Each structure stands twice: as C-alpha cells, then as structure tokens.
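Predicted, not measured: the structure shown is a model, and the values here were computed from it.
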Amino acid sequence: MELPRLAYTASKRLRQTVRFGTLQLGRSGGDGDFAATVNLSARLYPSLSQRRPRERDSSHEKATALFAKNCLALVDGEDFLYDGKSVGKVTPGEKTILSVGSKILIFPDKLYYDTAADLFGSMAAHVEAKSSQVTWSSDRVKITGQGDLTKIFLSGQGIKISGSSRGKNNATLVVHEVTADTLVFQADRFETGGESNTVHFEREIPDFLCACESANRLWGADQEGTIWASALGDPLTFYAYEGLSTDSFAVAVGTDGAFTGCSAYSSNVLFFKEGVLHKVMGAVPSEYRVYDYTIPGVQAGSEKSLVTINETLYYKGTDGVYAFTGATPTLITENFGTRRFVEASAGTDGSGYYISMRDAATETWGLYVYDTKTGIWLQEDHTHVVDFAVADGAMHFLGADGVISKVVEEGGDEPFSWQAEFFPLDDTIYGKRGYGKLWLRLELEQGAWVKAELREDDGPWRHAGTWSGGRRQSVTAHLFPGRCESFRVRLSGWGRCLVKGMVREFDVGSED
C-alpha cells in the first residue's frame, strides 16, 4: 500500500535589492524612499552619500544680499562691497541685484556700480534749475549753475522735462547730445526764450516689482501692470522711443494680480503672476509681442526661486516647485504631499536645484536639493538662505544670519553629522510573508562611523549596530528586524560614508 506524501514545506530564501529613492514628506512612500534626511546628497547615485562640505565666512555680520559678477558682491550693512572693497553706500536690508553689461544694478535703491569704470551712482538722475539758470533754443536748453551735465546725463537717454512756464517745452524726450551746460534734442522742438519757473530735468527709472536681464537689456514690471525694457546696452535709459532698434520698450497688460517674478528664458522674457505667464517674444522693440498663458506661475514672495538649468526653468509656485521647458510647467514636488512652503530662494551648482523655503505650517526653514539628473529630492539642513551666487565655478549662498558659505569639493566644515530615515518596509515579498535580515554595504572613510536603528511597527527605536572606520574600509552590515508587520530603518553617522546598497533577505514560507 502506498503511503500518503507530505508536501515539502522548507522555506525559500529570496533577496530583494532596495533602490534608494526620494524624500517623501507626505504619508505615502515606497521601499527606499526617505521620510527625513539631513546633510545627504544624490550626486553619487545609485549610492547614497553626504553633501559636499562648505567653507563658512562669518566676517560680514550685517550681510543682507549676495551677487556674483566676475567676483562676489554683497551688501554689508550700508556698504556695497565688490571683491572685498566698499565701493558705495546703500540702504540696509535685502536686495534684488542683477547686471547688464558692466553695470551691477541694485534694487529697490536704484543704484548701480560700473565694474569697468569703477563708478558708483544712482540709476535715476535729477536736475532742478531755477528760472535764471535756464534758456531755451529751438532744439536745445542751456542750464547753468548745475555743474558738468556730462556727468549726469548721456546721449540717447530719455529725459523728462517738467515745470516749464512754456507748456510746449514740458515733455519726455531723447537727448541727442550732452555738453557741460547744454542738452541738445531734436530740431524745432522747443518754444524759445527765457524761463519764469523752476524747471526739472529727470532721468526716470520705473519702480519694479521684479527685474531681470535679457539680450543686453534691463527688463522689469511695475505695480501698475506695465512691462518695461531699457534701451539696448543702457540699463539707465527708459522712455527712449525714436523708432530705432536700440529703443526702450513699454507695454501695459490687462490681467489681474501683481507680477511675482520674471526671467530670461531662451530668446524670450517671461513675466509671471501667480496664475498667469506673459511671454515677450521678438528681437527688437518694433517686433516685441506679449502672449498670455493661464498656467501655474511664481508664488508671491518667491521671485528669487527662478533658476534655469540645462534649458529647464525651475521656480516655486503656490502648489510646489515647477519645471518649465516652454509649454505647460510640470509639478516636481508631488512627493511633498500636502506640505506648503513660502518665501523661496534658489540657486544651482550646475546640476542641482537648491531651494531654501519656509514651511507655512511649522514656520521652520529648510534647504532642499533636487538632483536634475536623477529626479531625487533630499533635504540638506534647515538653513534660511537669502541669496545664491556662483563665483569662480563654486556656488555660494548667504544665510539670514549673515554667514556666507562656499560649497567645496573637500575640506570646509568636514566632518559633519548626517541622517537618513527610511519609509516603513513591510515583511512580505511577492505577496508572501517571511522574515530575514537586511544587509547594508558601507564604505567608510578614516575616522567615520555609522549607527543603525530599527523600529518595529509603532515601537520605540532600538540600536541595531554601529560601525566605525579607523581606516578607510568597506563594511557589510547585517540588521535583524524582529517579528512585525512593518519596520523602519534609521541611519546616522559622522564623517564620510558611502552607502552603496541595501538588500533585504527573506526566508519565505507561505502566504499566511
């Protein structure tokens, strides 16, 4: 008689490689995703590594603005410093700084520093001449007692004339020639003779909510809804309209809301509101056209978040960070869940999009990095960054504490601590329940150490192992989760450690 056969029930051992994912600030996250990170980077992906070190310069305790043009420029209290030297005085506080040609422009002060001429001055200019100091000819006005006019106005600039007792002479005109005491305009423009009133001659600069440089012009938008462009090559000249390719430009738009940011992009200039994009296209003023698009725009207060990396424009909108490539922008922060951030400022080291922003609910600041090559988000720390700048091939950033940090390849603030907390891992694979261990492959630099902690279900964190490197070495670390529905892993360390991989090993029995 044949005896019944028992089914073979020995467990089957399986392995699963866990690929490192992205930072997930919502409630959902897969294997390898992070619930929290500190001082980590995806630049050596698929391995997990620490951020690059920083060199800190705290010598400017009152620094409030940072910019780079050939070298660093910054606002330190009331001083505007260029290459470490004070070149002019400004009002204290945060600034919007950009450059056109050799001129560095400082807003809202409307001041400039010409790096070629080593000249600091006001973008706007104003001469107030008494009646006895003004004489009109048909194409010119002579002004005495006001010093050398060539040091105030330049040929080709638009000058607003007001206050004249001769009504025809009040207008905004382009000056064709400037001498020490005479402004020359187009022929037969003025009513000739003496003057009985005080006359004002002014080079006006619009009050910009946002500004940028494109094609050697200064572009900006004001509170009234007008988009402006300076004369070609001269960011001090607006209101110059003579039908020339070098003219300035202005156009009013009719959409609701205030402008929240602008940026050059490809051959176009983009002006954003929170829910609208105005795209200016064309090569010269006579060809400029403004096209309107209803798309997610730049969040109010985040005008410094606009950064272009490899033909993609990144910016902070009301619902998160967007990537714009010329059509509809793509939200790239779905992984942030329902968390909302404000007051963003951003920069780049060439491949990473660094953005500092404040959590609207907790009021805490965070410095996050989006690796544009892998699409991975990680948080570096809680730095509140005011401005980013790139000088000598290195990214610098200014903290709200006045400290300037330079991102370097080695040295700097090393060693420093780091941490990675993973999303929960469940105890099943391919739908079958099993229990095994977790393998970590680590590469430790000399003097570095790594600590691993485990948390089963809702239990407390428990120490699972510590590994240190008296010398540079590779380590295979084994972690043994207890019986649970799911478990978390938290790694922390000091010094350089490359986490090269994580593997789960299962002894799979049944589906029970």
Side-chain angles (χ1 to χ4, degrees), residues 69 73 78-80 82 85-91 99-166 168-206 216-218 230-242 244 246-248:
K69 182 177 177 64
E78 295 183 349
D79 290 315
F80 184 75
Y82 182 75
K85 180 182 71 172
S86 178
V87 296
K89 296 293 184 179
V90 300
T91 59
S99 67
V100 178
S102 63
K103 293 181 176 64
I104 299 175
L105 312 173
I106 308 162
F107 292 96
D109 301 52
K110 298 183 184 179
L111 297 172
Y112 75 92
Y113 175 63
D114 192 319
T115 59
D118 189 23
L119 177 65
F120 189 89
S122 172
M123 295 178 66
H126 180 222
V127 168
E128 182 180 299
K130 297 179 180 179
S131 58
S132 60
Q133 299 173 322
V134 180
T135 304
W136 303 91
S137 299
S138 63
D139 65 344
R140 65 195 62 200
V141 55
K142 185 173 183 179
I143 307 170
T144 59
Q146 296 295 322
D148 187 350
L149 296 179
T150 63
K151 298 184 181 300
I152 304 174
F153 301 111
L154 295 176
S155 173
Q157 292 182 338
I159 297 178
K160 180 182 179 180
I161 304 171
S162 62
S164 173
S165 58
R166 302 176 181 274
K168 178 182 178 181
N169 297 349
N170 294 310
T172 299
L173 305 169
V174 176
V175 62
H176 289 181
E177 182 183 349
V178 182
T179 69
D181 63 357
T182 302
L183 302 176
V184 181
F185 298 87
Q186 65 190 54
D188 300 322
R189 180 60 188 81
F190 299 118
E191 182 180 344
T192 63
E195 182 59 63
S196 58
N197 289 346
T198 296
V199 184
H200 300 266
F201 302 85
E202 185 175 7
R203 180 178 69 234
E204 290 186 302
I205 304 296
N216 206 20
R217 296 179 188 266
L218 169 61
S230 73
L232 182 66
D234 185 1
L236 310 186
T237 296
F238 294 84
Y239 307 95
Y241 311 117
E242 294 195 309
L244 304 176
T246 55
D247 277 355
S248 55

request  = Measure from the side-chain N and O atoms of Asn216 to the backbone N and O of Leu232, and report whether any donor-acceptor pair falls under 3.5 Å.
outcome  =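 Side chain of Asn216 to backbone of Leu232, a donor-acceptor pair under 3.5 Å: no, none is there.
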
query = Can any side-chain N or O of Lys110 pair as donor or acceptor with the backbone N or O of Ile205 at less than 3.5 Å?
reply =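 Side chain of Lys110 to backbone of Ile205: a pair is present.
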
How far apart are the closest heavy atoms of [X] and [Y], and which atoms are they?
| X | Y | value |
| --- | --- | --- |
| Arg217 | Thr246 | NH1-O, 3.9 Å |
| Val174 | Tyr239 | CG2-O, 4.2 Å |
| Pro235 | Leu105 | CB-CD1, 3.7 Å |
| Arg203 | Leu236 | CD-O, 3.2 Å |

key: Member of Val175, Ile152, Val127, Leu173 meeting the side chain to side chain contact (heavy atoms under 4.5 Å, CB included) criterion with Ile159   =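 The residue from Val175, Ile152, Val127, Leu173 that satisfies side chain to side chain contact (heavy atoms under 4.5 Å, CB included) with Ile159 turns out to be Val175.
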
query = How would you list, by chain and number, every residue that makes a salt bridge (charged side-chain N to carboxylate O under 4.0 Å, His left out) with Lys160, sequence neighbours excluded?
reply =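 Expected list: Glu204.
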
Go through the structure and list residues passing side-chain contact (heavy atoms from CB on, under 4.5 Å) with [X], not counting sequence neighbours.
| X | answer |
| --- | --- |
| His200 | His126, Glu128, Ser162, Thr198 |
| Glu177 | Thr179, Val184 |
| Ser102 | Asp114, Thr115, Ala116 |
| Ser248 | Ala240, Tyr241 |

message = According to ring pair (Phe, Tyr, Trp, His ring centres under 6.0 Å), who are the partners of Tyr113, at least two apart in sequence or on a separate chain?
response =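 Per chain and number, Tyr113 pairs via ring pair (Phe, Tyr, Trp, His ring centres under 6.0 Å) with Tyr82.
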
request  = Could I get the full list of ring pair (Phe, Tyr, Trp, His ring centres under 6.0 Å) partners for Tyr112, not counting sequence neighbours?
outcome  =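 In terms of ring pair (Phe, Tyr, Trp, His ring centres under 6.0 Å), with neighbours along the sequence ignored, Tyr112 is linked to no residue.
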
For [X], give me all partners under side-chain hydrogen bond (donor to acceptor under 3.5 Å, both in side chains), at least two apart in sequence or on another chain.
| X | result |
| --- | --- |
| Ser230 | none |
| Asp234 | Thr237 |
| Asp79 | Ser86, Lys89 |

inquiry  = Between Val199 and Ile161, is the side chain to side chain contact (heavy atoms under 4.5 Å, CB included) condition met? List the steps.
reply    = CA-CA 7 Å; Val199 184; Ile161 304 171; 3.9 Å; yes

key: Any Ile106 side-chain heavy atom under 4.5 Å of Phe80 side chain   =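 A side-chain contact under 4.5 Å exists here.
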
ask   = When rounded to the nearest 0.5 angstrom, what distance separates OG1 in Thr150 from CG in Asp181?
value =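 Spacing of OG1 (Thr150) from CG (Asp181) equals 10.0 Å.
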
request  = Can you measure from CG (Leu183) to CZ (Phe153) and round to the nearest 0.5 angstrom?
outcome  =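 These two atoms lie 6.5 Å from each other.
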
In residues 129-142, what donor-acceptor pairs under 3.5 Å come from side-chain atoms, sequence neighbours left out?
unit_1	atom_1	unit_2	atom_2	d
Gln133	OE1	Lys130	N	2.8
Gln133	OE1	Gln146	NE2	3.2
Trp136	NE1	Glu195	OE1	2.8

Residues 186-193 side chain polar contacts: donor-acceptor under 3.5 Å, at least two apart:
unit_1	atom_1	unit_2	atom_2	d
Arg189	NH1	Lys168	O	3.1
Glu191	OE2	Arg166	NH1	3.0

